[in-house]
Colleague: 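Take a look at the following structure, please.
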Amino acid sequence: MSCVPWKGDKLKLDSDVQPPALIYHEKQRRELCALHALNNVFQDGKAFTRDTLQEIFQRLSPNTLVTPHKKSMLGTGNYDVNVIMAALQTKGYEAVWWDKRRDVDTIALSNVMGFIMNIPSSLCWGPVKLPLKRQHWIGVREVAGIYYNLDSKLKLPDQIGNEDELRKFLKHQLRGKNCELLLVVSEEVEIRQSWRMDG
């Protein structure tokens, strides 16, 4: 089973309702979904740049033509989790890799700045959807008391809802075999492990 699009509860607001104008939502360019996910979680288009991620990539894999950190030698993107984790550390944050065997109800949401998910995504050739999937990074973040899916492939942020709706969204996504979840937390929260309610 792969990840499937989130439909939310039927009580969700009509699709005509626009998200608040204060939400920063970076759109997909090239294979830079890791960059977009980071900036969307930080709600700042200047938090990270392609050059910043490329420098991190080069530092993680110096003097190698074939690297374990994806195909970023030409700076086209497609960065892996190591680049994301190192980028977060430059801002005083850590990525906590979520163990899918655990219940998301044990996440102390108030201590989590945002979420970065790696999910399967359809490949398109122009308007035609191909029967192929590749992994794609998305950001999820709370803005003004509401959680949003800030996937850079979406035209607009997709409202998830309150904390209960977020937990349903995360559970739904994590049922897929190729879905991974990173909690974005401050260094202090990571040291104290206060992102856990059961710890």
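Keep in mind it's a predicted model, so treat the numbers as computed, not measured.
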Colleague: With no hydrogens and no angle check, just 3.5 Å: does a side-chain donor-acceptor pair link Tyr93 and Glu190?
Modeller: no

Colleague: To the nearest 0.5 Å, what is the distance between CZ (Phe57) and CZ (Arg50)?
Modeller: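 Answer for the CZ-CZ pair, Phe57 versus Arg50, is 12.0 Å.
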
Colleague: Search all heavy atoms of Leu174 against all heavy atoms of Cys179 and return the closest pair with its distance.
Modeller: CD2-O, 4.1 Å

Colleague: Using only heavy-atom distances, determine whether the side chains of Asp80 and Asn82 contain a donor-acceptor pair under 3.5 Å.
Modeller: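 On atom types as modelled, these side chains qualify, holding a pair under 3.5 Å.
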
Colleague: Determine yes or no for a side-chain-to-main-chain donor-acceptor pair under 3.5 angstrom, with Trp137 supplying the side chain and Leu38 the backbone.
Modeller: no

Colleague: For Lys171, what residues pass the side chain to side chain donor-acceptor pair (under 3.5 Å) criterion, not counting sequence neighbours?
Modeller: Asp105

Colleague: Walk me through whether Lys100 and Glu180 qualify under side chain to side chain contact (heavy atoms under 4.5 Å, CB included).
Modeller: CA-CA 8 Å; Lys100 294 189 327 184; Glu180 299 298 334; 4.2 Å; yes

Colleague: Distance check, rounded to the nearest 0.5 Å: Asp151 atom CG versus His36 atom NE2?
Modeller: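 It comes to 10.5 Å.
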
Colleague: Looking only at heavy atoms, what is the nearest atom pair of Val41 and Gly139, with distance?
Modeller: CG2-CA, 3.7 Å

Colleague: Once rounded to the nearest 0.5 Å, what's the spacing between atom CD1 of Ile23 and atom CD of Gln159?
Modeller: 8.0 Å

Colleague: Can you confirm whether Pro120 sits close enough to His136 that some side-chain heavy atom of one is under 4.5 Å from a side-chain heavy atom of the other?
Modeller: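 With C-beta onward as the side chain, the pair stays apart.
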
Colleague: Name every donor-acceptor pair, under 3.5 Å, that has one atom in a side chain of residues 106-117 and the other anywhere in the protein, sequence neighbours excluded.
Modeller:
unit_1 : atom_1 : unit_2 : atom_2 : d
Thr106 : OG1    : Asp103 : O      : 2.7
Asn111 : ND2    : Ser194 : O      : 2.6

Colleague: A side-chain contact here means heavy atoms from C-beta on lying under 4.5 Å apart; do Leu150 and Gln43 qualify?
Modeller: yes

Colleague: So does Asp99 pair up with Arg101, basic N to acidic O under 4.0 Å?
Modeller: yes

Colleague: Could I get the full list of side-chain contact (heavy atoms from CB on, under 4.5 Å) partners for Asn39, not counting sequence neighbours?
Modeller: Tyr24, Glu26, Leu35, Ala47, Phe48

Colleague: Going through the distances and angles, do Thr52 and Glu55 end up as a side chain to side chain contact (heavy atoms under 4.5 Å, CB included)?
Modeller: CA-CA 5 Å; Thr52 304; Glu55 287 172 17; 5.5 Å; no

Colleague: Among Asp158, Asn40, Leu166, find the residue that satisfies the side-chain contact (heavy atoms from CB on, under 4.5 Å) test when tested with Asn149.
Modeller: Asp158

Colleague: Could you pull out the closest heavy-atom pair between Lys27 and Lys155, with the gap in Å?
Modeller: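 Nearest heavy atoms, Lys27 then Lys155: CE-O, 2.8 Å.
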
Colleague: Starting at CD of Gln135, measure out to SG of Cys33 and round the result to the nearest 0.5 Å.
Modeller: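 The CD atom of Gln135 sits 9.5 Å away from the SG atom of Cys33.
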
